Amino acid sequence: MADEKQTPTTPNLDELERGPWPSFVREIKKAAEKSPMSRGLLGVLERSYTDKIGHWKHGGIVGVRGYGGGVIGRYSDLPEEFPEVAHFHTIRVNQPAGWFYTSDALRSICDLWERRGSGLTNLHGSTGDIILLGTRTEELEPTFSELTQAGFDLGGSGSDIRTPSCCVGPARCEWACYDTLNLTYDLTMHYQDEIHRPAFPYKFKIKAAGCPNDCVASIARADLSIIGTWRGPIQVDQAAVKAYTKNGIDIQADVVDRCPSKCMAWDGKALTIANEWCVKCMHCINVMTKALRPGPERGAAILVGAKAPIVQGAMLSSVLVPFMKLEPPYTALKDLVGKMLELWAEEGKSRERIGEFIQRVGLGNFLEAIGMEPRPEMVAHPRENPYVFYEEYLEEEPAEAKA
Amino acid sequence: MAEAVTVEAVAEAMYQMVKDAAGVKKLKPTDLTKAMVEHFGSERCSKDLCKEALRRLMDSGRCVYTYYGGSFVELPPQEGAAA
Ligand code: SF4
Ligand code: SF4
């Protein structure tokens with residue numbers, strides 16, 4: 001049986017161990033010393049490289065009792081040849097906000113997974129969860145039970161709200177314009193039902209970045225991107241700006257000329273910013289961290305619609321609310337998200353992300369349905385098609401007005 | 001105002017729908033909710049009630065969620081039967 005088996009020979013996979021960079025093959029081989037499942041995985045992967053075809057079947061079971069998310073069912077289509085990986089389900093575990101762990105917590109997960117699964121993990125998946133790779137169906141419920149005893153819960157998968165994630169925010173970063181960790185924890189608890197029980201046309205990802213640096217890439221990867229920003233002037237410490245010139249920074253070339261909105265000026269003595277033109281790209285603040293700080297009134301921009309290319313092409317999120325104060329209990333944000341989810345759940349097509357839905361129905365109709373007024377910040381650039389008219393321009397003028 | 005239908009009645013009606021559709025059509029949670037609201041009338045059957053009914057079906061194990069490119073509600077599958 002599997003335990004007696006030697007690690008299979010893998011000439012194709014061995015190629016992926018070359019070079020100085022990390023290699024998933026090397027890691028699977030390490031795990032294979034102890035885990036029959038990892039040995040089976042090497043075998044089936046080598047076979048896939050030889051056959052030039054994946055040997056996995058996806059779908060089917062997706063959770064433990066009561067949950068519709070958190071487990072991604074995966075079966076080998078060569079179960080007789082590779083019985084150790086006949087089932088190779090993935091479990092998604094809801095990560096702590098900002099990915100802070102104690103070593104004890106990590107050890108408890110690793111120990112549990114060596115007993116109940118392949119021992120292979122992926123910290124972290126693109127949604128942010130802890131990914132436990134490879135287990136059998138009969139291990140799902142016991143694994144879930146042990147995870148909950150250790151204080152963890154499953155994350156989202158399928159057509160549900162995926163596990164919200166965020167940058168480290170104020171825990172370690174002075175640029176955070178709101179408490180990303182608190183918001184993420186709050187949203188995770190608020191949407192427990194929606195995370196565990198799929199009720200939407202497709203997945204819905206929430207990512208919270210503390211500032212426009214967007215370290216969680218929410219603008220590219222989240223259906224709801226919450227990106228910290230500020231109002232009011234960037235705070236400038238002129239003495240610290242001058243000190244940068246002495247330390248080799250060419251303020252004109254490195255900062256002013258690279259400002260995307262060209263709203264900065266430097267006369268060799270003082271840095272001035274026309275803040276009304278600032279697009280809050282963070283460039284100047286990132287270069288002169290000691291001299292510049294975001295403005296005093298802080299909150300977040302709420303953007304909607306990003307997705308990776310799956311059914312249709314990739315999209316970036318676009319602005320829905322240019323500035324929102326984000327303080328507990330985050331009522332305004334939850335009200336807005338609630339309206340969007342209700343509309344999309346009702347009218348969205350199967351496997352249509354909310355960004356695609358907005359494109360299909362039109363932003364104007366979407367805004368009207370969720371009760372929002374259009375705003376200039378929602379428009380990327382002015383209308384340029386002369387054959388499209390605003391409705392009011394088409395209305396007939398009264399006869400006397402024409403006379 | 002019309003008297004609200006019970007969670008049990010909605011859950012039972014959902015279960016029957018899932019059972020009748022087994023092997024013929026995969027139903028999404030929203031399909032069930034829309035069908036229930038239509039069947040019982042929006043005055044008597046709210047979306048929240050449907051949510052609770054679905055939850056009971058799942059917690060009791062009478063139905064399970066499955067995933068085939070999207071999430072569906074089905075009768076518990078036979079082991080290893082995933083496509
Ligand atoms: S997104 Fe901004 S606040 Fe968050 S970690 Fe990155 S720089 Fe800091
Ligand atoms: S944040 Fe960006 S746009 Fe604003 S002043 Fe600095 S460089 Fe210019």
Side-chain angles (χ1 to χ4, degrees), chain A residues 56-77 79 83 86-90 92 136-138 140-141 154 156-162 192-194 196-204 310-311 338 341-342 344-353, chain B residues 7-8 10-11 13-15 17-18 21-42 45-83:
Chain A
W56 299 117
K57 298 183 292 179
H58 290 266
I61 53 159
V62 289
V64 292
R65 178 174 281 204
Y67 279 23
V71 174
I72 294 110
R74 185 177 290 126
Y75 300 87
S76 167
D77 67 2
H87 301 188
F88 200 74
H89 309 315
T90 291
R92 287 203 183 131
R136 296 188 57 80
T137 304
E138 61 270 24
L140 293 173
E141 289 289 349
L154 298 192
S157 67
S159 304
D160 61 11
I161 292 192
R162 299 300 181 81
Q192 277 295 291
D193 199 69
E194 289 78 2
H196 297 311
R197 293 172 195 86
F200 301 109
Y202 207 14
K203 61 185 92 168
F204 188 85
I310 301 180
V311 183
L341 290 179
E342 194 175 343
W344 173 57
E346 192 69 32
E347 306 290 344
K349 289 184 187 171
S350 185
R351 301 194 79 196
E352 181 178 53
R353 297 283 283 269
Chain B
V7 180
E8 290 77 17
V10 179
M14 281 183 172
Y15 180 74
M17 212 179 141
V18 173
V24 182
K25 186 176 190 279
K26 291 190 192 303
L27 297 170
K28 298 191 293 287
T30 41
D31 295 334
L32 291 170
T33 301
K34 281 180 187 167
M36 291 304 114
V37 172
E38 201 178 310
H39 177 68
F40 291 107
S42 58
C45 178
S46 67
K47 284 183 194 162
D48 282 346
L49 194 69
C50 293
K51 212 166 158 180
E52 182 54 32
L54 199 52
R55 184 179 179 149
R56 288 203 189 177
L57 285 178
M58 295 299 164
D59 287 349
S60 66
R62 291 180 82 198
C63 289
V64 293
Y65 288 106
T66 57
Y67 184 81
Y68 296 94
S71 296
F72 298 95
V73 177
E74 293 190 72
L75 300 180
Q78 297 302 307
E79 182 47 52

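Predicted, not measured: the structure shown is a model, and the values here were computed from it. Here is how names work: the chains are called A, B, and so on, in the same order as the sequence lines, proteins then strands, and each is numbered from 1.
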Contact part of A:Glu194 toward chain B, heavy-atom cut-off under 4.5 Å: side chain, backbone, both or neither?
-> side chain
Assert top hit (heavy-atom pairs under 4.5 Å, partner chain A, pool B:Gly69, B:Gly70, B:Pro29, B:Gly61) equals B:Gly69
Look at atom CD of B:Glu8 and say whether more than 12 heavy atoms of other residues, nucleotides or ligands are closer to it than 6.0 Å.
-> yes
Shortest non-hydrogen separation from B:Lys34 to A:Glu346 and the atoms involved | NZ-O, 3.0 Å
Could you look at B:Thr33 and say if it's the side chain, the backbone, both or neither that has a heavy atom under 4.5 Å from chain A?
-> neither
Over all atoms of both residues, closest heavy-atom pair of B:Ser71 and A:Ser159 = OG-N, 2.8 Å
Is the closest side-chain heavy-atom distance between B:Lys28 and A:Ser350 below 4.5 Å?
-> yes
Could you look at A:Asp193 and say if it's the side chain, the backbone, both or neither that has a heavy atom under 4.5 Å from chain B?
-> side chain
Pick whichever of B:Arg55, B:Arg56, B:Glu74 has the most heavy-atom pairs under 4.5 Å with chain A.
-> B:Arg55
Side-chain contact test, heavy atoms from C-beta onward, threshold under 4.5 Å: evaluate it for B:Tyr67 versus A:Ser157 and give yes or no.
-> no
Audit row: A:His196, B:Met58, side-chain contact (heavy atoms from CB on, under 4.5 Å) steps and yes/no = CA-CA 11 Å; A:His196 297 311; B:Met58 295 299 164; over 6 Å; no
Check whether any side-chain heavy atom of A:Arg197 lies under 4.5 Å from a side-chain heavy atom of B:Leu54, and answer yes or no.
-> no
Residue A:Glu141 excluded, over 12 heavy atoms near CD under 6.0 Å | yes
